[in-house]
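The structure appears below as structure tokens.
Residue numbers run from 1 in the order of the sequence given.
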Amino acid sequence: MTEPSAPTVAAPAEPTTTRGADKRGADKRGADKRRVDPARLRRLLMWALAMGGIIGLGLILWHRVPLHTRMIWQTYRTTLFSGAPVLAIGDSITFQAAPSHLCGAKVVNAGIPGDQIDDLLARAPMFSRLATPRQVVVAIGVNDARTGHMDIATWTAKYRTLLGYFPQSGLVLVEINPVDLSHPGYLPVHDRDFIASQNAAIRALARETGARVVTAPAISPTMDGLHPDKTGVALWQERLAGVACAG
């Protein structure tokens with residue numbers, strides 16, 4: 001007589017309640033992540049509006065600053081951070097015609113339209129503190145030749161003082177271009193005899209300091225009798241490079 005086999009005991013089924021709860025919890029957390037918190041959204045929106053208002057106010061205030069002042073600040077910033085080995089200082093002709101590179105080196109164009117010798121003297125201490133450029137191109141003087149100008153001795157003394165702020169830099173002095181009295185758009189407010197005296201003073205200061213001189217041409221193509229046109233700019237840059245890069 002055979003013994004009855006032991007009954008097979010089925011393994012207990014894994015409870016489904018825990019697994020289902022976990023799945024529902026994960027779904028709920030995912031849904032919570034996807035749901036946008038209205039309070040958080042309001043805070044982000046308020047932050048964005050505040051930042052936009054600050055930026056907008058800054059732009060409004062910036063544009064209320066006179067253009068001449070903004071251009072000065074820009075030249076200071078560029079001089080400080082660019083590390084360019086050549087600094088060009090002067091007036092609107094410098095601003096318009098100074099090249100981006102000279103003798104293969106980058107140029108900081110610090111020309112400001114309307115500047116006179118007194119303006120450069122006022123900024124020279126700051127330039128001398130911000131950088132010690134390898135070369136300094138000085139092209140100033142035509143605005144000093146307007147009606148009611150100072151005497152040539154005073155102008156020469158100020159120019160000499162200006163050069164003294166860059167004792168460690170090679171100086172390149174650019175003579176003042178002649179004005180074109182025949183141009184229909186020119187207003188005859190510049191003293192041509194005074195410009196001739198200025199250029200003679202620049203040559204004398206070059207001999208005194210060892211600077212190089214870019215002599216003025218007999219005629220310079222202009223767009224208004226004073227500022228060089230496209231051809232005049234090319235000639236200005238060509239004459240500058242011929243002197244600054246020689247030897």
Side-chain angles (χ1 to χ4, degrees), residues 75 78-79 82-112 115-121 123-128 130-145 152-153 155-179 192 194-222 226-228 231-247:
T75 60
T78 305
T79 302
S82 72
V86 182
L87 173 67
I89 56 177
D91 48 35
S92 57
I93 296 176
T94 312
F95 175 78
Q96 177 187 358
S100 60
H101 289 75
L102 182 64
C103 314
K106 187 176 180 181
V107 176
V108 171
N109 185 346
I112 305 291
D115 266 7
Q116 299 178 331
I117 190 70
D118 286 335
D119 297 299
L120 294 194
L121 271 177
R123 293 200 297 278
M126 179 62 74
F127 281 127
S128 64
L130 293 178
T132 305
R134 189 174 69 209
Q135 275 189 324
V136 176
V137 177
V138 182
I140 192 70
V142 72
N143 293 320
D144 293 298
I152 190 61
W155 188 85
T156 303
K158 291 184 176 187
Y159 201 114
R160 180 184 291 108
T161 302
L162 173 66
L163 301 183
Y165 281 102
F166 306 101
Q168 306 301 319
S169 304
L171 296 171
V172 181
L173 313 184
V174 183
E175 290 186 8
I176 303 164
N177 276 3
V179 294
R192 289 190 297 173
F194 188 73
I195 290 176
S197 297
Q198 288 174 296
N199 286 339
I202 289 172
R203 292 191 293 272
L205 288 171
R207 291 191 295 270
E208 181 181 312
T209 60
R212 301 182 179 191
V213 179
V214 180
T215 57
I219 299 175
S220 176
T222 69
L226 179 64
H227 299 91
T231 301
V233 167
L235 292 173
W236 196 94
Q237 293 178 351
E238 182 181 327
R239 289 186 299 110
L240 173 62
V243 172
C245 307

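Cys103 approaches Gln135 most closely through the heavy-atom pair SG-OE1, 4.4 Å. Counting all heavy atoms, side chain and backbone alike, Ala201 lies closest to Thr156 at CB-OG1, 3.4 Å. Between His227 and Ser92, the shortest heavy-atom distance links the atoms NE2-OG, 2.8 Å. A pairwise comparison of heavy atoms in Leu235 and Pro221 identifies CD1-CD, 3.9 Å as the closest pair. Pairing each heavy atom of Asp144 with each of Phe194, the nearest pair is O-CE2, 3.6 Å. When all heavy atoms of Tyr159 and Val138 are compared, the closest pair comes out as OH-CG1, 3.4 Å.
When side chains are defined from C-beta on, Ile93 counts as touching Pro228, because their heavy atoms get closer than 4.5 Å.
Partners of Phe127 under the side-chain contact (heavy atoms from CB on, under 4.5 Å) rule, at least two apart in sequence or in another chain, are Thr75, Tyr76, Thr79, Leu87, Ile89, Ala110, Arg123, Phe166. Every side-chain contact (heavy atoms from CB on, under 4.5 Å) that Thr132 has, sequence neighbours left out, goes to Gln168, Ser169.
One distance of note links CD1 of Ile117 with CG of Leu120; it measures 5.5 Å at 0.5 Å rounding. Remark: Ile176 CD1 to Ser220 OG distance equals 12.5 Å, nearest 0.5 Å. From Ile140, atom CD1 reaches atom CG of Leu173 across 12.5 Å, with rounding to the nearest 0.5 Å.
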In residues 236-247, what donor-acceptor pairs under 3.5 Å come from side-chain atoms, sequence neighbours left out?
| from | atom 1 | to | atom 2 | distance (Å) |
| --- | --- | --- | --- | --- |
| Gln237 | NE2 | Ala97 | O | 2.8 |
| Arg239 | NH1 | Thr215 | O | 2.6 |
| Arg239 | NH2 | Asn177 | OD1 | 3.2 |

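Although no hydrogens or angles enter the test, the distance criterion places no donor-acceptor pair under 3.5 Å between the side chain of Asn143 and the main chain of Gln116. Asn109 places no side-chain N or O within 3.5 Å of a backbone atom of Ser100 that could act as its donor or acceptor partner.
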Test side-chain contact (heavy atoms from CB on, under 4.5 Å) applied to Ile112 and Asp119, step by step = CA-CA 9 Å; Ile112 305 291; Asp119 297 299; over 6 Å; no

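For Arg160, the CZ atom counts as densely surrounded, since its 6.0 Å shell holds more than 12 non-hydrogen atoms of other residues, nucleotides or ligands.
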